[in-house]
Amino acid sequence: MADVHVGAMVLRRISEAPNAPAIRRRVNGTYADVSWGDLGKRMANIASGILTAMEVEDRAAVAILGNTSDDWIACDFALLSVGLRTVPVYASLLPDETGYVHVDTGAVLTIVEDGDQLDKIREMQKGFSFFDKDYTPADLKLKRIVVMNPNGVEPADDWESLADLETRGAAQLTDTADDRKRRADAVRRDEVCTYTYTSGTTGPPKGVIQTHENMLSMIENIATTGMFDESIKAGGLFLFLPLAHSFGRLIEFSSPFFDAPIVISGIPTLGDDLRDARPGFIPAAPRVYEKMKAKVETAVAGASPIRQALFRWAIATGKDTIPYTSTGTEFPFFLGLRYGIADRLVLSKLRVRLGMDRAGTLLSGSAPLNPDVHSFFLAMGLSLLEAYGLTETCPGLTSNQPGKLKIGTVGPIIPGVTIKIAEDGEILAKGPNITSGYLNRPDATAEAFNDEGWFLTGDLGSMDSDGFVKITGRKKELIKTSGGKYVAPNKIEGRLKNHVLIQEAVIIGDTRNYCTSLIAIDTEELEPWAAARGIANDPHSDAVKAEVQKHVDEVNSGLASFESIKYFELVPEPMSIENGLLTASMKVKRKVVVERYADLVESMYSGKSKG
């Protein structure tokens, strides 16, 4: 029987497997498990504490502001278990955008990670301006703040700690039992579960309405693809992605459905966490896999010539197996022997070194995966699957699957979803996982669907005779040169970023007679790269420019003449959320980048470029 709502799914798992691990997180430097039973007790205490903290209307919105943690998950599950609507907020957002999300959703309570996030809420409460509109304190409905980690925070009347809230809730469990059950029983599958905000690259972010049906149907349909099989349970679901992102939320909700623990991690400790936890399922953006590949190759470059040759042979042998693993067919006899030797001598050791020796599935999403990176991981004996979707599709539409994979595509359609390609190449979709629209934005909702009810993804693509979908670009981001040629910048940018030194790249060429690029150097990767060559750690050195030029030439060799990059310029610093060039979900703000570096752009079209 299908679960009625996400909270009910979590409670079912708690009832069915109270002793099984629910969350795996570091305690004093070592990973330790929290059982479903213990998590359930904590959820009840949190829910009881919230309902006794103030008057909370049924289906009220509650914001959670912080990085991925076991506290975040416990609060989210607790809120959903009593029918409240959660509003995940990126920890990196500034006070003005944080305030906008609170006003838009009418959030009555906010749970923040620490003192820094508390300061952000206090600043927001003074009033703010966002996209040329002023908001006053009266526009906010916020009544209470809860702080997960209050270390260093001065006591005050405007907040209480999560620990205190849980203690109060535990003392009043009996008093709140009937109310908690009433609220849980009243939730319907078609009701709002959460509001997830899309990145606002050109305007205010849009709150995507995601119902329990949207979320549950996605997980239920994925269950038929084989991506979440029994092999992932022991290692668990690795989660370093922000929970304000639909990709991260899918992993969070998949845990109780598939009875697999969530393994908590974070970007700063990702490598160590992988090696220590050895997870069974690893979801990540392509950039993570690109960096892993680059680190392996950098380490090999410092090895002896014999080891380098052995590595190249093993990877080449692994690549020979891809046509068979991609279709779920057995290796020819002699290839099987050769691969067995390569695996024993090299490939298995690489998997151990990366912490992926018991990984059943690696999933790549949110941006295009470079085919060279994809084939590298497949060659290592890892099932790396590229998928595609949007926040509005909660979040999947297509995915490569075990034994059903094509490099360079985002796979076949996920069961339950319907896709068609419009005459202009745009991908259109229908399905139970697709949002009904945007909160308080009827204009944007109307623009997102056509008259026949198809959701307009804004992505351009094609579908082959086997049903595999390929993404060719973003409809609104297509560049039209002055010669009338259309260029898909995403494709070229993805190829440019397949170099350890390139953090971000932005292609320019709209209404121009040729294409150029602004390129940001990855300063973290530059240091070991420069050290290995005995040169200065300078992102604007001649050596770096020469290396980038060499890579640009390689990329150009695979492009048509009208889309090749004639010039490039290196921007002064990496693109980041903090300097306003990336959104909270790490997408480049193209317009902002071009405007900020207008002088560099013009130099590439006036003959003054040094790139």
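Here the structure is a predicted model, which is why all the values come from computation and not from measurement.
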### Query
Between Ser541 and Asp538, is there a donor-acceptor pair closer than 3.5 Å when you use the side chain of the first and the backbone of the second?
yes

### Message
Between Asp424 and Lys475, does any side-chain N to carboxylate O distance fall below 4.0 Å?
### Response
yes

### Query
Is the shortest distance from a Lys or Arg side-chain nitrogen in Arg590 or Glu477 to a carboxylate oxygen in the other one below 4.0 Å?
yes

#### Entry: Residues in side-chain contact (heavy atoms from CB on, under 4.5 Å) contact with Ala316, at least two apart in sequence or another chain
none

### Task
For Asp343, enumerate each residue passing the side-chain contact (heavy atoms from CB on, under 4.5 Å) test, keeping only those at least two apart in sequence or located in another chain.
Tyr339, Leu347, Ser348, Arg351

### Query
Hey, are Glu452 and Lys420 close enough for a salt bridge, meaning a charged N less than 4.0 Å from a carboxylate O?
yes

### Task
Determine, using ring centers only, whether Phe238 and Phe281 are less than 6.0 Å apart.
no

### Query
Using the benzene-type ring in the case of Trp, are the ring centres of Tyr514 and Tyr605 under 6.0 Å apart?
yes

#### Entry: Residues which pass side-chain contact (heavy atoms from CB on, under 4.5 Å) with Lys295, listed by chain and number, not counting sequence neighbours
Glu525

### Summary
salt bridge (charged side-chain N to carboxylate O under 4.0 Å, His left out) pairs touching residues 396-417, sequence neighbours excluded, are Lys406-Asp464, Lys406-Asp466

### Query
Does Arg275 come within less than 4.0 Å of Asp272, counting only side-chain N to carboxylate O?
yes

### Task
Scan residues 447-487 for pairs that pass ring-ring contact (aromatic ring centres under 6.0 Å, His included), counting only residues two or more places apart or in two chains.
Phe449-Phe455

### Message
Please list all pairs meeting ring-ring contact (aromatic ring centres under 6.0 Å, His included) that have one or both residues in residues 375-396, counting only residues at least two apart or in different chains.
### Response
Tyr289-Phe377

### Query
Under a 4.0 Å N-O cut-off, is there an ion pair linking Lys293 with Glu297?
yes

### Message
Check Lys476 with Asp459, please: is the shortest side-chain N to carboxylate O separation under 4.0 Å?
### Response
no

### Ion pair Lys497/Glu504, N-O distance below 4.0 Å
yes

### Query
If only atom types and distance count, is the side chain of Asn433 paired as donor or acceptor with the main-chain N or O of Gly396 below 3.5 Å?
yes

